[in-house]
Amino acid sequence: MKLYHHEKIEKKWQKQWLAEETYKASDNKVARKFYHLVMFAYPSGDLHIGHWYNFAPADVVARKKRMEGLNVLSPFGFDAFGLPAENAAIKRKLHPKEWTYANIDRMRGQLESMGPSYDWSRQVITADPEYYTWTQWMFLQLYKKGLAYRAEVPANWCPSCKTVLANEQVVDGACERCKTIVVQKNIEQWMFKITAYADELLRNLDALDWPERTKTMQRNWIGRSEGARIKFKLHKSQTAQITNPDEIEVFTTRPDTIFGATYLVLAPEHPFVTEQLLENTNHKSQITNAYAVKSYIDQAAKKTEIERTSLEKEKTGVELEGIKAINPATGQEIPLWVADYVLGHYGTGAIMAVPAHDQRDYEFAEKFGLPKKIVIEPVCGDPRPDEEYRLSIVAIVEDRKTGKLLSINWGRELGGNLFVGGGRENGEDPIQCALREIEEETGYHRLTPTSSTEAIYHHYRAHSKNKNRLIEAIGLHFYLEDGDQKPVKLEEDEKGKFTVEWLTKDEARAKVKDPLHRLVFDRLVEKHAYAGEGMMVDSGEFTGLESGKALPLVIGWMEKAGWGMHAITYKLHDWIVSRQRYWGAPIPVIYCAQCAINDGNTKYEIRNTEQTGNNIILRNGKKYAVIPVPPDQLPVRLPDIDDYTPPGDGKSPLARSEAFTNVQCPECGKPAKRETDTMDTFVDSSWYFLRYTDPHNAETFASKENVAHWLPVDLYIGGAEHSVMHLLYARFFTMALADMGWLHFREPFAALRHQGIILGPDGEKMSKSRGNVIDPDSLVKNFGADTVRMYLCFMSEYSQGGPWSPGGINGVHRFLQRVWKWYTSPRPSPQKGEGDFPPPRGGIEGGVFKTLHKTIKKVGEDIDTLKFNTAISALMICFRQLEEATDVSAETREIFLKLLAPFAPFITEELWREQLGHASSIHREPWPTYDPSSMEDESVSIAVQIGGKTRGAITAPKDADEANVRVAVHADPRLQKYLEGKEVKKTVFVKNRLINILVA
RNA sequence: GCCCGGGUGAUGGAAUUGGUAUACAUGAGGGACUUAAAAUCCCUUGCCCGCAAGGGCUUGCGAGUUCGAGUCUCGCCCCGGGCACCA
């Protein structure tokens, strides 16, 4: 027996596989294709165990599919541009290129040690000019379609990284990479119009085979809201000089509450506000409190995003005095306010406030004493036939001293805990009625009324009266002024039916279940605005309608009147792709002053240049035409410059290079300026999966034939942290390219799976500072790559991850050593016809044969569903039987090795070729198939339950019927005692599973 | 606050989708081999009562449906993730 030296065999096969091109994908459409993709790596320096956890189990799938005869494309590459590499290089005083490519070399070596079946001939590196030529080309395609444009927008600026970030790269108000608090800065930026695809990005999610939580995250990020845009005219007094605009547009999801809009709120950033303040300096503005408004806005601007949204939820704001708006539905004059609870970047940056039916507006109105107008009355319960209509009240009495609430407990059957309720005679004052009912039922008096609700309708069945009722209730809140007062005597007939209890607010929340009483509690005690649907009141022609049903009617009415329209708003914003940093693909654009003059087009707008010629931008008051770099001049090479540190003045370090900046305009030949910003790294990674299909193509990003053959990706495996950014951007690119005719599909990743996260042995996130980092290199050195790969597959449910347990790896290592020993130990070779394949049923090899086929099925299915841990468990069970068998056929030995091959590629290859004497690789062998009929057992164990309790099991022939099983149960001495002298009432029989005998 | 996941031995985790809970491993304890250790192999290992035979209990907690619930329903507790003044 040779000893198992993993170092030797691993090196040997790594070389051999490369030499034999074992894993090369064929572009010939000879077999059904399988595009198997893992997220490419960021060359940060070292491969950590998390990389391995992504790549190693994923590789098992690729290997198995290849053995199944599919034409597998499993490529790998490096996402080499970007901030982290650049920052790391600066820290080490290295050129980003040096640093990055050294890392790639190192990581490539580590990757190869892992034994993945990548087709290395297709490796892509996004920082290679051969790659970013096409990144730039893609930019120009988007530009031509009007999907890339330049605009000055408030952008997230990271003061530490000295660049702008996309919304997706800001986490909790801080830079995703360096955790520095992001500030808002107005800078002219290149943007991608991803919002043009918001609807499709949302809609297509339903059909994708992706984890539900990932789809949910994308849905939330896109954040579609349907409602209406409504224009509010501004009131013009005699002296008014308000020029433009003379109206404010708001977005609302509740146009059905328009009649309840009692004021408008503008975001501090709203252009109207800015303009009014500006005009104020020219004494044109109508605002009479400009100073107060300005100081409020300055204060709001100083707050970071975090301060604005987290801790302090207390509403703040200031009125724009001197200006009024007109509610177009009611014609009433309403005030305008500025408050930072309205966000400048969502909707129109302005809202109509409906304090009666929106919690935020309610709180704001409470604080500033603004009027609330009820336009929706709640309805609970469902209408029933023959309803009796009654007026009533629900009264909540609060003890001012203890804060407890007066409740009546009617007992379980009559509705449990309620507040005081009662019928109101026609014409009776609700307060008088409530005082009367409270005194009658509880005996308390001397109460102060404080607040009341709108009418609330309740359809219900009054069981005690045996009648269906619709009641129109008013909820009332009273303070009990003197907590010590003794309740006066109750009427005789009321006694015993109920008990009077004082409940804390928490108790009331838990115990009061009745919907009507609940609503009153929510409104008067919890101080919640009623934001649900209900009956419209005080709403002109819509009064009396159900608000949900009336919503489209209301929108139609607005549209007809011309001051409102149906609208959809998304949270998703256009993607800012400019980065004021060195290490990225240069944006391939030139600015030409001469062409701006020639063009004569002075408009600043986003245009589709295929139809309308050059766009014009303004810079320092001067006009420039935007000239795309012609395709034959691509790539715009990233120059080697001496100082690539970010200047921090909003410009890229490339702006320092005269040689780079000054160019001849490709259109008019006059001196012009190059764009000096580079592209966000996420642009590079938005299309890399296309390049893999044809990575060396110099004519186009990938040939149409190859793209058509390989895409879409059949299985994409990578971390959940890319749920919104990369995965959303790549989908956008795919849709845009499809619309340009370059692609034949609209969704790049048909199936997506996330691996879990491996934590340190202490259960905490791995980090150098905690000292709980697991180093894959030393694991490979100690145990061999096969063991590490296999343990990663075995340690946990793949999508779950979990803490690394240092001892656990021993189990897998022992298993592989047993396998090695078993295959390398001399054993009597079976005689011809003896123990062969297929062997006779029964006997030891017969048992092995059955187990083997069950294992083929189990392992195959488990790999397909990424349940690697149970696949390995099945292999272990099977192998235990092989070890115990006295006689195992050569075929069985080969089949087992093939099943193990995707998990442990090195050891299986060594045994396959050196022990079993094959000339070619096991990894190109056909995957074993199983024979369903030979897997079946002749006898089965049937659970026996007596009275629902499991009392034992019997062995019976497969498919035995109930009668036979019953006989067997009664014959079993261990079971008899449970049945002796008892009458069998019923039996439940599940074939091949269980019998449950119910006895008297 | 809202939306997703999840809670099973000492530990990582299984469980044919409503049918014998704890597979497979780790760890621990005991034994064999050895001068010794490591490695290897064998046995034990959910909890409680009992000398034993045996009995009882057990999938975060509490109810419910069912002949039967880790699995379904309702209520609650805890952990992880995402979103969060989005009109």
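Note on naming: letters A, B, ... go to the chains in the order of the sequence lines (proteins, then strands), and numbering restarts at 1 for each one.
Note on Q359(A): nothing from the nucleic acid sits closer than 4.0 angstrom, heavy atoms only. Residue contacts shown for G801(A) are limited to sugar-phosphate atoms, with no base heavy atom under 4.0 Å away. Within the nucleic acid shown, R818(A) comes within 4.0 Å of sugar-phosphate atoms alone, with no base atom in reach, counting heavy atoms only. Using a 4.0 Å heavy-atom criterion, one finds that R951(A) contacts the sugar-phosphate atoms exclusively. R880(A) comes within contact range of the sugar-phosphate backbone alone, with a heavy-atom separation under 4.0 Å but no base atom that close. Note on S941(A): a base of the nucleic acid sits closer than 4.0 angstrom, heavy atoms only.
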Is there any protein nitrogen or oxygen under 3.5 Å from a nitrogen or oxygen in nucleotides 64-67 of chain B, and what are the pairs?
unit_1 : atom_1 : unit_2  : atom_2 : d
C67(B) : O2'    : N996(A) : ND2    : 3.3
C67(B) : O2     : N996(A) : ND2    : 2.5

Dump the pairs, protein N or O against N or O of nucleotides 74-83 of chain B, anything under 3.5 Å, distances to one decimal.
none

Enumerate all atom pairs, one protein N or O and one N or O from nucleotides 26-28 of chain B, separated by less than 3.5 Å.
unit_1 : atom_1 : unit_2  : atom_2 : d
U26(B) : OP1    : R814(A) : NH1    : 2.6

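The side-chain hydrogen bond (donor to acceptor under 3.5 Å, both in side chains) check on S799(A) picks up E797(A), with sequence neighbours excluded. In this view, D959(A) and K991(A), N992(A) satisfy the side chain to side chain contact (heavy atoms under 4.5 Å, CB included) rule, not counting sequence neighbours.
Atom P of A23(B) sits at a distance of 13 Å from the matching atom of A14(B), rounded to the whole Å. Atom P of C79(B) sits at a distance of 16 Å from the matching atom of G60(B), rounded to the whole Å.
The side chain to side chain donor-acceptor pair (under 3.5 Å) contacts involving residues 804-817 of chain A comprise Y791(A)-S805(A), where partners must be two or more places apart or lie in separate chains.
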